[in-house]
K.L.:
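Here you go, one structure.
Every value quoted in this text rests on a predicted model; they were computed, and no experiment measured them. A, B, ... follow the sequence lines: proteins, then strands. Residue 1 opens every chain. Values below: every heavy atom of this structure, side chains too, minus hydrogens, waters and symmetry copies.
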Number of protein chains: 2
Amino acid sequence: MITKIKLNRKQQIIEKATQLFQKQGYAATSMRDLAGFIGIEAASLYSHIKSKEEILQTICFQMAEDFFQSLDACELANEQADVKLKEAVVSHVEVLTRDTAASAVFVSEWRHLSEPYLSDFLSMRNQYENKFIQILIDGNKAGIFKALDAKFTVLALLSSVNWMPAWYKPNGKLSPREIAENVTDVFINGLKVR
Amino acid sequence: MITKIKLNRKQQIIEKATQLFQKQGYAATSMRDLAGFIGIEAASLYSHIKSKEEILQTICFQMAEDFFQSLDACELANEQADVKLKEAVVSHVEVLTRDTAASAVFVSEWRHLSEPYLSDFLSMRNQYENKFIQILIDGNKAGIFKALDAKFTVLALLSSVNWMPAWYKPNGKLSPREIAENVTDVFINGLKVR
DNA sequence: GTAACGAACTAACGCTAGTTAGGAAAATAA
DNA sequence: TTATTTTCCTAACTAGCGTTAGTTCGTTAC
């Protein structure tokens, strides 16, 4: 009984590649490595994909799309800046934890994209970060947030959260939302008892 | 007039390699690349170094030593936990910004170390993180810090700060100490006006 | 002046990389 | 059953990898 395990070879290739790219890095992962783990020959991969880089592109741009979609799904129009920030970070962390391997690749392997994909990627990332920056700026104008370099602060916030895939265990005690709420609480209210 | 530019070839090799490892990653940087930038043949590198990995080892362990040395130099024995934490982060950021390229390599290329160097490296890193964790635990016991998962919080804090080398410009408006103080202030007191 | 040394060179080694071509086998459709 | 399409194979190619061997050549030491 074989059942229909073989949903889609291409999808399986991308999934395994994601794991290997996370563990070893894109450049240090060979097509023979990848094929071996799947149980076929390296050349056979090319019946399903066009190139090694296509895999990386798929991972990176799929994740980018997920981040945008999740952020857009938050209804933030009528909220205060601190609530907005919290919800935005929760959305971000939920995407991050949904597939930690893909997230890790997204965070640290994008630089191996070639042009014009690299430029596209960076411009999308910039656009995404700007949404967070705007929340901080608005929050400051509204007297809710301190006057800090908004870009700098957002980068610090996202960096702290982007490295979660490296240590997040899906069976841990905390849900993604709880984790995100903890992190944002520290950022918004601080570590200190008051 | 040639003057004595050639301070030390080995040092020059390591410096250039550091830049390339940062920009392209360790695995994606070839010895011919490196040699080309220096202006010699790849084979000639081996008059000065034993292997490609030796360069990575030098960078990673030199940085590790710097971090420990800088942290140990802080006199924290009689301070409150929040001051301790602030000083520890300042020390960390000062090392990070002293050589941003080496720091970036230290942060993201260590996984290409082979055994036993990899294990040594990770155990040192663990030891280092534990010093921060202890500060949080003590601070909580003393009623200064909230009750949070200390390890989790430290990793978030260090991650947020470890990605500074990627965007820090030495000629920026803020000194390393000011940057570190800003970051720690957010972490300790929060983003919110009170 | 000659011996010794350091740093560079050329040439090549063995290996692995990503990828292509062409055909066999297996799965699917008619 | 036959035809078609999908999947995988073997074999091979070119390019590049890290590294070694052996040599040349200028500088330094006696």
K.L.:
Measure the distance from CD1 on B/I13 to C1' on C/dG6 and round it to the nearest whole Å.
P.N.:
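Checked: the CD1 to C1' distance equals 13 Å.
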
K.L.:
In degrees, rounded to 10°, what is the bend between the two ends of the helix from C/dG1-D/dC30 to C/dA30-D/dT1, using five pairs at each?
P.N.:
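The angle, to the nearest 10 degrees, is 10°.
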
K.L.:
In Å, rounded to the nearest 0.5 Å, how long is the span from CE of A/M124 to CD of A/E129?
P.N.:
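CD of A/E129 is found 12.5 Å from CE of A/M124.
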
K.L.:
Atom NE2 of A/H112 and atom C1' of C/dA17: how far apart are they, to the nearest Å?
P.N.:
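It is 14 Å, rounded to the nearest whole Å.
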
K.L.:
Please list residues of residues 31-54 of chain B whose heavy atoms come under 4.0 Å from any atom in DNA chain D, ordered by number; otherwise none.
P.N.:
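The answer is B/M31, B/R32, B/A43, B/Y46, B/S51, B/K52.
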
K.L.:
What pair of heavy atoms forms the shortest contact from A/I49 to A/M31, and how long is it?
P.N.:
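Taking A/I49 first and A/M31 second, the nearest heavy atoms are CD1-CE, 3.6 Å.
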
K.L.:
Can you list everything that forms a side chain to side chain donor-acceptor pair (under 3.5 Å) with A/R125? Sequence neighbours excluded, please.
P.N.:
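Residues passing side chain to side chain donor-acceptor pair (under 3.5 Å) with A/R125: none at all.
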
K.L.:
Can the positive tip of A/K52 be found less than 6.0 Å from the middle of the six-membered ring of A/Y26, inside 45° of the ring normal?
P.N.:
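Yes, A/K52 and A/Y26 form such a contact.
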
K.L.:
Minimum heavy-atom separation for A/A81 to A/I135, with atom names?
P.N.:
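Result for this residue pair: O-CG2, 3.7 Å.
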
K.L.:
What pairs of residues pass the salt bridge (charged side-chain N to carboxylate O under 4.0 Å, His left out) test when at least one of them lies in residues 16-43 of chain B, not counting sequence neighbours?
P.N.:
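Not a single pair qualifies under salt bridge (charged side-chain N to carboxylate O under 4.0 Å, His left out).
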
K.L.:
Are more than 12 heavy atoms from other residues, nucleotides or ligands located less than 6.0 Å from atom CD of B/E53?
P.N.:
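It does: B/E53 CD has more than 12 such atoms within range.
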
K.L.:
Between the protein and nucleotides 24-28 of chain D, which nitrogen or oxygen pairs come in under 3.5 angstrom?
P.N.:
none

K.L.:
I need the single residue from A/F67, A/F121, A/F106 that forms a ring-ring contact (aromatic ring centres under 6.0 Å, His included) with A/Y128. Which is it?
P.N.:
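Exactly one option meets the ring-ring contact (aromatic ring centres under 6.0 Å, His included) with A/Y128, and it is A/F67.
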
K.L.:
Contact between A/E109 and A/I59 at the side-chain level, heavy atoms closer than 4.5 Å - yes or no?
P.N.:
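Of all side-chain heavy-atom pairs linking A/I59 with A/E109, none is under 4.5 Å.
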
K.L.:
I'd like to know whether OH of A/Y117 has more than 12 heavy-atom contacts from other residues, nucleotides or ligands below 6.0 angstrom.
P.N.:
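12 or below, so no.
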
K.L.:
Which residues, if any, of residues 15-30 of chain A bring a heavy atom under 4.0 Å of DNA chain C?
P.N.:
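Only A/T29, A/S30 qualify.
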
K.L.:
Just wondering, more than 12 heavy atoms not from B/N78 lying within 6.0 Å of its CG?
P.N.:
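Counting other residues, nucleotides and ligands, CG of B/N78 stays at 12 neighbours or fewer.
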
K.L.:
Evaluate B/T153 against B/F145 for side-chain contact (heavy atoms from CB on, under 4.5 Å), listing each step before the verdict.
P.N.:
CA-CA 11 Å; B/T153 310; B/F145 290 147; over 6 Å; no

K.L.:
If you draw a 6.0 Å radius around CD in A/E79, do more than 12 non-hydrogen atoms from other residues or ligands fall strictly inside?
P.N.:
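Enclosed.
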
